[in-house]
Amino acid sequence: MQNILKKLDLIDYIDAFSKLMAREKSIILEGDINLHFKLINELSKFDIKAPNKIENLDTPLMHIQKQGILKIDDIFEFIKIINYFRYLKRFNFDGKLAEWIDKIVIPNDIIKISDYFDDRANLKDGINEDFDNIKHAISKNKEAIKQSLYKTINSSKIRTYLVDSQVHYINGEESLLVRGGFNHVLNGSVIDRSNSGFFYVIPHSISELKQKQSDLKNRQEEILYKICKEISSLFEKNLLFLKFINKEFDKFDHYQARLFFAKAGDKNFILPSKSGVNKLIDFCHPALHNPKPISIDFTKSVVMITGVNAGGKTMMLKSILSAVFLSKYLLPYKAHHDTVVSNFKSINAVLDDPQSVKNDISTFAGRMVEFSKLFASKNAIVGVDEIELGTDSDEAASLFKVIIEDLIQRDIKVIITTHHKRLAALMASNDDVELIAAIYDEENQRPTYEFLQGTIGRSYAFETASRYGIPHSVVKRAKEVYGDDKDKLNELIERSSSLEREYRQKIAKLDEEITNMQRISGNLKDQKEKLDEHIYSEKSKLHKEYSNARDEAKKAIKAKLVGESHQHLNIAHKIATEIKTEKVQEVVEFKAGDRVKYRNTKGTIVSIKGAKAFIENDMGMKVQVLLADLSRSGNPPPKIPTKKATITIEKPETGSIKLDLHGQRAEEALENLDKFLSDALLAGFEEVLVYHGIGTGKLAFAVKEYLKKHPKVRGFEDAHPSSGGFGAKVIKL
């Protein structure tokens, strides 16, 4: 795998991912990739801390299987895994994730063992009485050694010989740093010398305490060995479970590392598809700094990339293979989520010059060896850089044409880069071949690192040579040797590419316009059908009501009594006056910039958000209104005079305008308040009164916050007690 990663420039990317895993292992996630994808998606909904670093436990598991006794450190590695799954079981997972975690049932005796240790792998107090006593004795003895040393340091006899008053730890031993001649006042053993020639000395006064410390530690090790033996015996009984949970931990570690890696760079998971479609959209190769996103359809069996030197052809090839590789192993990468990639059984990259003195093989012979291996492959993708490398291009074109056609029959996808046009010309008529040209900016004489599908590109060898410092006189003579005919052929190819680009741009524009017209036509058709249904319904309704009125009139004519006839005529008149038809409301689509009419005001739409629109009326005031309340206005805005005018709007004499928000939810109340203020501003009111009540205070708070932010509210205050007091606000506009 390292070989393909190196060829595709993915080593640093995979190393960065691997560092996020709790322990070193292969990036390959074995099993059903669709199930893995589902579990990763479900896991992404939760905020779960990363597991601590875990050592590889293959050797300890083998040791348990052979009835060996584990060291305390190895035991704690198992405990870390156990405790992490105990932590995971606290989450309320659902779906497949819940099914998986529920299957991991930790035995009670293993849970008991996991509670023996603290976070630093130390045995907790109360687990073993002998161990607790020894630990206490060691601590007490350490304190005695410390006190003895400080007593010696503070002795007036030795103070002259002390370099400093510190206790120095040399090779794990407490010692004092003294000058030469100390043996007249201090009995001790020299254990080391400093760079300045001073001596590190252990006083004999603490030798007995040091020996006692050593004996206590030996006793502690014996007790700890006994505890490890008991735990190892218990682990042996639960060996199958430990193997199982060790494997499940690696599985979860794969998921968690992939999620962290995706979040770190805003990457997407692209699940391999069985649709046969292969399309990269805005793919960014991870080896490039600030790369230009690549979009390419490589659904056809062969993709042949031609065109300018140093124009990104090789990186395009590596990008296609890299996307396939990363999707195959469910590793996230930067690409649009609509990217589609197939799942290939094998990925091959023929990128390097295989010439080798050691193997006595030429470039072309090495290429033939690599191609020969492909004939035994199925469902593979292969990328070949500079396909004619190492031999005559005309002969190679004929050979590779036949080789490629045979590989197509074997369900092998081939991505090719080439500077030679003969092979591209031979393959151009094949429906299974997609031609792609690297685009060159002739005006600035440099590659654009963009690509055009469906055409053959020029190599621009002469232009590239000039750009990189070859003398112009040399390039000019080379063009003369090359010949006018071939140069005209290149110009024809480039002209063809330009026409192809223009053609595709026009087609794309026409497709957009056709789509828009189809949408409009569909909307009109739907509206016509609705209107026809409405007209038929109203017609039936009118016919029925007309018949009822006519019947009543006939009864009135036939009636002999005047009173009775008047009664029937009144009924007929009543039926006639109640006949109403529903007004057909035309569905109008608005956009920013449209001239509209709102009640008695006209203006222009500034922006649209949901079912509401912000309009600026002809007086320059901006208000928010419902789209349903707008109608089109074809009249242009009135010309604004250049002179400044002062407009005074007086408050109407009808009294204060009021709005009652009692019993409304905050969201509903603010929507009504917004419309109320807009209407008040349009009407020219300077002061309005809004009732919100006291209640829990939530509505009052929401109203205050809204009024603080409203651009047209000059101020507000609690109303007079007679007008609602704290439960109402007087708003100045």
Side-chain angles (χ1 to χ4, degrees), residues 1-10 276 278 296 298-307 309 312-325 328 341-438 456-457 459:
M1 181 174 285
Q2 283 296 110
N3 186 35
I4 189 71
L5 291 177
K6 183 179 179 181
K7 288 182 176 182
L8 299 182
D9 299 326
L10 290 176
N278 287 280
I296 179 173
F298 61 104
T299 300
K300 291 186 178 181
S301 297
V302 178
V303 174
M304 188 168 291
I305 310 169
T306 59
N309 295 280
K313 296 192 302 297
T314 301
M315 188 50 68
M316 167 68 85
L317 184 151
K318 289 183 178 182
S319 294
I320 293 172
L321 296 183
S322 296
V324 171
F325 177 89
K328 180 178 179 66
V341 174
S342 294
N343 190 5
F344 295 93
K345 189 175 182 180
S346 63
I347 303 168
N348 305 277
V350 184
L351 308 179
D352 306 320
D353 186 346
Q355 185 173 9
S356 170
V357 175
K358 180 179 178 182
N359 297 327
D360 189 24
I361 191 170
S362 68
T363 298
F364 183 69
R367 284 289 175 94
M368 290 299 98
V369 170
E370 290 184 282
F371 266 92
S372 66
K373 297 175 184 177
L374 297 176
F375 287 93
S377 303
K378 287 185 178 180
N379 187 27
I381 183 170
V382 57
V384 187
D385 194 27
E386 303 295 349
I387 193 167
E388 300 99 336
L389 190 66
T391 190
D392 179 78
S393 61
D394 289 336
E395 290 183 12
S398 302
L399 176 63
F400 283 119
K401 176 183 184 298
V402 178
I403 289 175
I404 291 168
E405 287 174 344
D406 194 277
L407 293 177
I408 291 173
Q409 299 301 317
R410 297 172 185 270
D411 192 25
I412 295 177
K413 188 177 290 293
V414 187
I415 317 296
I416 299 167
T417 70
T418 180
H419 291 294
H420 303 286
K421 303 172 192 67
R422 178 166 170 75
L423 178 59
L426 289 173
M427 302 297 297
S429 60
N430 193 320
D431 292 337
D432 292 321
V433 176
E434 182 72 65
L435 295 175
I436 297 178
I456 301 172
S459 65

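Panel note: side chain Arg410, backbone Phe375; a donor-acceptor pair is recorded below 3.5 Å. Within the 3.5 Å criterion, the main-chain N or O of Lys413 finds no donor-acceptor partner in the side chain of Ser301. For the pair Lys7 (side chain) and Ala349 (backbone), a donor-acceptor distance under 3.5 Å is present. For Thr299 (side chain) and Asn278 (main-chain N/O), a donor-acceptor pair under 3.5 Å exists by modelled atom type.
Nearest heavy atoms, Thr418 versus Met304: CG2-CG, 4.2 Å. Residues Val341 and Ala323 come closest through the heavy atom pair CG1-O, 4.3 Å. Nearest heavy-atom pair, Ser398 versus Leu426, reported as atom, atom and distance to 0.1 Å: N-CD1, 4.3 Å. Listed here is the closest heavy atom pair of Ile347 and Val324: CD1-CG1, 3.8 Å.
Side-chain atoms of Met427 and Ile416, non-hydrogen and from C-beta on, never get closer than 4.5 Å to each other. Phe371 has its side chain within reach of Leu407: a pair of non-hydrogen atoms, C-beta onward, lies under 4.5 Å apart. At a threshold of 4.5 Å between non-hydrogen side-chain atoms, the residues Ile403 and Leu374 do not count as touching. Contact check for Gln2 versus Lys6: no side-chain heavy atoms found under the 4.5 Å cut-off. Counting heavy atoms from C-beta on, the side chains of Val302 and Asn430 never come closer than 4.5 Å. Residues Phe298 and Ile436 are not in side-chain contact: their nearest non-hydrogen atoms beyond the backbone lie 4.5 Å or more apart. The side-chain heavy atoms of Lys328 and Phe344, taken from C-beta on, include no pair separated by under 4.5 Å. The side-chain heavy atoms of Val414 and Phe400, taken from C-beta on, include no pair separated by under 4.5 Å.
Separating the CG atom in Asn379 from the OG atom in Ser346 is a distance of 7.5 Å, to the nearest 0.5 Å. Atom CG of Leu351 and atom CG of Leu8 lie 6.5 Å apart (nearest 0.5 Å). Atom CD1 of residue Ile408 and atom CG of residue Asp432 lie 5.0 Å apart, to the nearest 0.5 angstrom. Of the inter-residue distances, the one linking Asp9 atom CG with Met315 atom CE reads 5.5 Å to the nearest 0.5 angstrom. We find the OG1-CD distance between Thr314 and Glu386 to be 6.0 Å, quoted to the nearest 0.5 Å. For the atom pair Ile415 CD1 and Ile296 CD1, the distance stands at 7.0 Å (nearest 0.5 Å).
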_Verdict with supporting geometry, Lys401 and Glu405, side chain to side chain contact (heavy atoms under 4.5 Å, CB included)_ = CA-CA 6 Å; Lys401 176 183 184 298; Glu405 287 174 344; 2.7 Å; yes

*Mind running side chain to side chain contact (heavy atoms under 4.5 Å, CB included) on Met316 and Thr417 for me, showing each step along the way?*
CA-CA 9 Å; Met316 167 68 85; Thr417 70; over 6 Å; no

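A side-chain contact (heavy atoms from CB on, under 4.5 Å) with Ile404 is found for exactly one of Ile387, Ile412, Val384, namely Ile387.
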